Amino acid sequence: MSDQISDRKNKLDKLRAQGVDPYGWRFTEVSSTADVRAAAETQNLPDGEIQPEGATTYRVAGRLILHRDIGSLIFMTLRDSSGDLQLGVSKKMIAGAVDAEGGAVGWKVAKLLDLGDVIGAEGRLGRTKTGELTLWLTDLRILSKCLRPPPEKFHGLTDVETRYRKRYVDLFANPESRDVFLARAKIVRHMRDVLHERGFIEVDTPVLQPIYGGAAARPFVTQHNTLDMQLYMRISPELYLKRCMVGGIERVYEFARCLRNEGISPRHNPEFTMLELYQSYGDYHDMMDITEELIGGAAEHVIGSTKIKFGEREIDYTRPWPRLKYADLFQQHVGFPMSDIAAAREKARSLGWEEAKWDDAVVVGALFEHHVEDKLVNPTFVCDYPAPLCPLTRRDPNDASIALRFELYVNGMEVGNAYTELNDPAVQRENLERSALRGEGDETMAVMDEDFIEALEYGMPPAGGLGIGIDRVVMLLTGSQSIRDVILFPLQRVINVQARDELGLTDDAKAGPE
RNA sequence: GAGGGCGUAGCUCAGUCGGUAGAAGAGCAGCGGCCUUUUAAGCCGUGGGUCCUGGGUUCGAGUCCCAGCGCCCUCACCA
């Protein structure tokens, strides 16, 4: 009976026995530890001294992550979302503290604290002999008891699986993990600011869709009971955002959670966030400008640098970014023009690919991926794709085999994708029919969406459209090697499947009591 | 889906060639003490294990073999 949870529960009982509620209440007018540090910078705080009674006091709240008990003096480290701050508890100094109801708090609470407890505190600033900024407490209360032992104080939580499954522990135990998600929030905020400034309107479109489209991917299938209807989780918001443009929302965007029933990898998660935006009366050149501002601007304003390390490499986000043609990159890195289909097929065969049943464009695309993508380390716009694989893109008026599309590559990874949008309903119908035909039996291929065509028949303005993989941008800007490091709660298999099976708790058994 | 790697105390990790008598170790955390300027505080004492699970080989398995579960990586898939 000596496990750590019971030890902590014992302390819970001791606190209650002394009239202290271990699950505290409202604790307001709190400064962040960052605010306290900033305030300290402006004051003369000699080493080894505490500000005298009557000096400004500060209130802070957060989680206890270090605790050094030196008899009738205790040093603790408090962590909030802005950082850490040392607290000092002197038995003499805190002796008189009482709470609003007249119950004594302070020293006896300090003696019953455990690592991980959430506390509120108030005190006066000072510096220790070694110059460490310290808040010397005049008040201390416990706001929430931590019943489970937190990870080791020095190494934190390193087990990858536990970090993903118990992200709440990872977040308070590993500041660098917390910082990734704070950076993610700032990056998204920066993007919203840029779009707001340019007159874009944020909307929400359906995740549950009767017909899925806007990308080539396998969807998750689900079912609505009352409507007795099969639905798909969206793989893309594209067709709905275009309907918004038909309706006169000229500049529209959505931070769209998309779900794709595909493989999982360090760059792919079943659900991910895509920023998708459309600008009426623009084209894909406008999308390049805005992409630079969204991502390059985030590097500058959020990370504070245009040169950011990713693994061994340093990536340079200095704008403007090169805008290169797909055909030129192909020629440069593959070694012959992409129009030379015979050479392309021969090359494919030499790589051991079974290309016989592939379309010409697929062969060219595969060679491009194999030979070119890895070379694109610094942000690069790859422009003007072969048309056959772009059913939603407008063709170059001078060359129908070229689609007015670009993809943004960074560190060999596709981060953005943009088109000069197709707005001729007849051509759109034709393209969708053709790709539906080619993809017969392939549930990833585009399917006909009659209502979408009908929307186009009312007239959609010519437009530029852009999609940016937010998770991947956050990976690059925060140096995260896996997409799961920038997604708070990445999908993991349920544990105890075996145990459930052994107990006979299969799906059938769970459906209802006998 | 294929291949490779990993799984030992709450956490971070040792554990050699399969064997060092009995009790599988350390640090942190815990528990009992001491300490009013610590910095991963220190000192003394002390409790804690489904070695992922289930089989097998063996005189003997944390270690070897097989199956399963979970995670990571590579490839495939993801235009």
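In this text the structure is predicted, and so the values were computed from the model without any measurement. Chain naming here is simple, since letters A, B, ... match the order of the sequence lines and numbering starts at 1 in each.
No engagement by W358(A) is indicated, since no non-hydrogen atom pair under 4.0 Å with the nucleic acid exists. Residue contacts shown for I5(A) are absent, as no nucleic acid heavy atom lies under 4.0 Å away.
The side-chain contact (heavy atoms from CB on, under 4.5 Å) test with L87(A) is passed by exactly one of I74(A), T77(A), L64(A), I119(A): I119(A).
Side-chain proximity of N417(A) to C73(B), A79(B), U37(B): nearest is A79(B). With C77(B), A79(B), C73(B) as the choices, the nucleotide that has an atom nearest any side-chain atom of R484(A) turns out to be C73(B). Closest to the side chain of P266(A), from the set U74(B), C31(B), U37(B), is U74(B). When distances run from any side-chain atom of Q492(A) to the nucleotides A79(B), C72(B), A41(B), the shortest one goes to C72(B). Taking only side-chain atoms of R493(A), from C-beta outward, the nucleotide of C31(B), C73(B), C71(B) with the closest atom is C71(B). Listed candidates were G10(B), U36(B), A79(B). Nearest to the side chain of R405(A) is A79(B). If you check U39(B), G30(B), U36(B) against the side chain of T130(A), the one that comes closest is U39(B). Of the candidate nucleotides C77(B), U37(B), C35(B), U37(B) has the atom nearest to the side chain of T128(A). The side chain of Q86(A) sits closest to U38(B) out of A79(B), U38(B), C73(B).
Within a heavy-atom distance below 4.0 Å of RNA chain B, the residues of residues 148-160 of chain A found are P149(A), P151(A), E152(A), K153(A), F154(A), H155(A), G156(A), L157(A), T158(A), D159(A), V160(A). Residues of residues 161-180 of chain A having a heavy atom closer than 4.0 Å to RNA chain B, listed by number: E161(A), Y164(A), R165(A).
On the P atoms, G5(B) is 10 Å away from C65(B), given to the nearest whole Å. G62(B) and U16(B) have their C1' atoms separated by 13 Å, given to the nearest Å. Annotation: C17(B) and C6(B) have their C1' atoms spaced 22 Å apart (nearest Å). Rounded to whole Å, the C1' atom of G47(B) lies 8 Å from the corresponding atom of G30(B). Here the separation of U58(B) from A40(B), taken at their C1' atoms, is 45 Å to the nearest Å. Comparing the same atom, P, in A79(B) and in G4(B) gives a spacing of 29 Å after rounding to whole Å. A gap of 10 Å separates the P atoms of G7(B) and G15(B), to the nearest Å. Spacing of C1' atoms, A23(B) relative to C28(B), comes out at 23 Å, to the nearest Å.
Applying the 6.0 Å contact sphere to CD of E346(A) captures no more than 12 heavy atoms from other residues, nucleotides or ligands. Within 6.0 Å of CZ in R394(A) there are 12 or fewer heavy atoms belonging to other residues, nucleotides or ligands.
Both H67(A) and L115(A) lie near RNA chain B, and the one whose nearest nucleotide falls closer to the 5' end is L115(A).
Of all nucleotides present, only G10(B) satisfies the Watson-Crick or G-U wobble test against C28(B), with each distance under 3.5 Å. Pair assignment for G19(B): C59(B), on the basis of Watson-Crick or G-U wobble contacts that are both within less than 3.5 Å.
Using modelled atom types and a 3.5 Å distance limit, the side chains of T134(A) and Q86(A) yield a donor-acceptor pair. No side-chain N or O of D283(A) forms a donor-acceptor pair with one of Y419(A) less than 3.5 Å apart. T162(A) and D159(A) share a donor-acceptor pair across their side chains, judged by distance under 3.5 Å alone.
Remark: R405(A) qualifies as a cation-pi partner of Y385(A) under the 6.0 Å distance and 45° angle criteria applied to the six-membered ring.
The aromatic ring centres of F336(A) and F330(A) sit less than 6.0 Å apart.
Taking atom CZ on F406(A) and atom C1' on A79(B), their separation rounds to 17 Å, with Å as the unit.
Ion pair K145(A)/D117(A) flagged as a salt bridge, since at least one NZ, NE, NH1 or NH2 atom sits closer than 4.0 Å to an Asp/Glu carboxylate oxygen. With respect to E238(A) and K242(A), a salt bridge is recorded, a charged nitrogen being found less than 4.0 Å from a carboxylate O.
Under the salt bridge (charged side-chain N to carboxylate O under 4.0 Å, His left out) criterion, R184(A) pairs with D471(A), sequence neighbours left out.
Put simply, the side chain of Y326(A) and the base of A79(B) share no donor and acceptor less than 3.5 Å apart.
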